[in-house]
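As structure tokens, the structure follows; a few thoughts come after it.
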Protein chains: 2
Amino acid sequence: MNDFLTEMEYVGLTSRLKRLSDSLLYSTKELYKSEGLDIEPNWNLIFILLQENETMTITQISETLQFSHPAVVKIINKMKKNGHVETRTDTDDKRKQILTLTEKAHKQLPVFEKYWTAGRQTVMDLLADSPNFLEEFLKIEEKVNQSDYKERTLKNLKNDELSN
Amino acid sequence: MNDFLTEMEYVGLTSRLKRLSDSLLYSTKELYKSEGLDIEPNWNLIFILLQENETMTITQISETLQFSHPAVVKIINKMKKNGHVETRTDTDDKRKQILTLTEKAHKQLPVFEKYWTAGRQTVMDLLADSPNFLEEFLKIEEKVNQSDYKERTLKNLKNDELSN
DNA sequence: TTTAATTAAGTAACTGGTTACGCAAATGTA
DNA sequence: TACATTTGCGTAACCAGTTACTTAATTAAA
């Protein structure tokens, strides 16, 4: 392959993460488009959540997915426009938007699920020769959650200065 | 931690890749901003390439990094505006833009390098408990390069249909 | 030698995220 | 009970990528 970013080892990793993440994202969009499916990447997560929980709010979803709430607002707006989600204002707390799947969504679910199952299989195939990947990826996430890139790097900088 | 995407295993992985990639990206931007450095994430890669190669074109860089060429155009335009890169048109082939680091860039490099070294150390720390990560991540990249998400998923779909 | 095909790079429009900000509703407190 | 604080969510502006298209220059082919 002879990939420059790979040769850079630790220095190239963050760009490679983005490169792979983007590649999967765009490939997924293309798949749905080419198959004429009226859905987007990530919507499967919302579908799953709203099946499991019947009703949820924007904030609940954003906390569950650990996305920012504006990100969830955008996804939900698109899903509303496509008629897969409907909202009503909570009568007890009028700030809250209660989200539910529509009739149409439930009707189309079996078709979508065929694609999501095949996609899940794809990820399994991609990980087949990387038996430790999920476990080790989780460790990285946990470390970043505990202290992020900026914090760690500033600390490293300070240590470097002290040792000079 | 109890993260929904983690619980979803294979289904949540692509979103987790994006989440981590974004987290690193924004944290890096914040670091540079808070330290008053006039650089952005990824510029280190351009600096390294232009130090190694003296001169390069947009296309050469985009092929080396495996980014789209408009992405490189954008990065280079910013670096030009900041006075770190200058361009001249190739006299032999007037379509080509020859890129070089400026005087200013060379002068500031030692400062930047302090931060990049610390950042590299951060990635090493993050990977410390994940000894197989780089190797297994590479395998995934290679597989995706060989056949992308869409292709693989379509194939899985067809197999699923056959077995019914 | 003219013409067709390819290549380099710039631009436009879009994507799925982010942070920052504002407003209205609910909650806590003096 | 009045007022300050917090919460939910919507919007705006931005960010680093992408694809699709255009134009100009070069190269290949008739």
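Comparing A:A71 and A:D90 along DNA chain C, the residue whose closest nucleotide (by nearest heavy atom) sits nearer the 5' end is A:A71. With DNA chain C read from its 5' end, the first of the two nearest nucleotides for B:E63 and B:N77 is the one closest to B:E63. Mapping B:R95 and B:H69 onto DNA chain D by nearest heavy atom places B:H69 at the nucleotide closer to the 5' end.
The NZ-P distance, from B:K96 to C:dG10, rounds to 14 Å in whole Å. With rounding to whole Å, B:M56 atom CE is found 14 Å from C:dA8 atom C1'. C:dT19 atom P lies 13 Å from atom CZ of B:R19, rounded to whole Å. When the P atom of C:dG10 is taken as reference, atom CD1 of B:I75 falls 13 Å away, rounded to whole Å. In this structure, B:I76 atom CD1 and C:dA8 atom P are separated by 16 Å, rounded to whole Å. When rounded to the nearest whole Å, the span between OH of A:Y26 and C1' of C:dA13 equals 11 Å. Rounded to an integer number of Å, the gap from CD of A:Q60 to P of D:dT7 is 15 Å. Atom pair A:D92:CG and C:dA24:P shows a separation of 21 Å (rounding to whole Å applied).
Closest to the side chain of B:L25, out of D:dA16, D:dC9, C:dA9, is D:dA16. Distances from the side chain of B:V73 to the nucleotides D:dT19, C:dT19, C:dT11 place C:dT11 closest. For B:K78, counting side-chain heavy atoms from C-beta on, the closest listed nucleotide (D:dT18, C:dA9, D:dA16) is D:dA16. Set against D:dA16, D:dC9, C:dT15, the side chain of A:Q97 has D:dC9 as its closest nucleotide. The nucleotide whose nearest atom lies closest to any side-chain atom of A:D93 is, among C:dA25, C:dA20, C:dG16, C:dA25. For A:P41, whose side chain is taken as the heavy atoms from C-beta onward, the closest listed nucleotide among D:dT11, C:dG16, D:dT18 is C:dG16. Listed nucleotides: D:dT11, D:dA25, D:dC9. Nearest to the side chain of B:K94: D:dA25. Distance from the side chain of B:K18 is smallest for C:dG16 among the nucleotides D:dT11, C:dG16, C:dA9.
In this model, the phosphate group of D:dT11 is not approached by any side-chain N or O of A:K74 to a distance below 4.0 Å at OP1 or OP2. Distances shorter than 4.0 Å separate some side-chain N or O of B:K29 from OP1 or OP2 on D:dA16. In this structure, B:T57 does not reach the C:dA8 phosphate: none of its side-chain N or O atoms is under 4.0 Å from OP1 or OP2.
At the heavy-atom level, A:T59 lies under 4.0 Å from the strands shown only through sugar-phosphate atoms.
Here the rule is side chain to side chain donor-acceptor pair (under 3.5 Å) with B:T153, and of A:D125, A:T122, A:T117 only A:T122 fits it. For the side-chain contact (heavy atoms from CB on, under 4.5 Å) test with A:V85, the passing option among A:I75, A:T100, A:N77, A:L101 is A:L101; the others fail.
For the pair B:R120 and A:E9, the salt-bridge criterion is not met [side-chain N within less than 4.0 Å of a carboxylate O].
Ring planes of B:F112 and B:W116: tilted class, angle from 30 to 60°.
Taking CG from A:L157 and CZ from A:R152, the interatomic distance works out to 14.5 Å, rounded to the nearest 0.5 Å.
No side-chain donor from either of A:S34 and A:E30 sits under 3.5 Å from a side-chain acceptor of the other.
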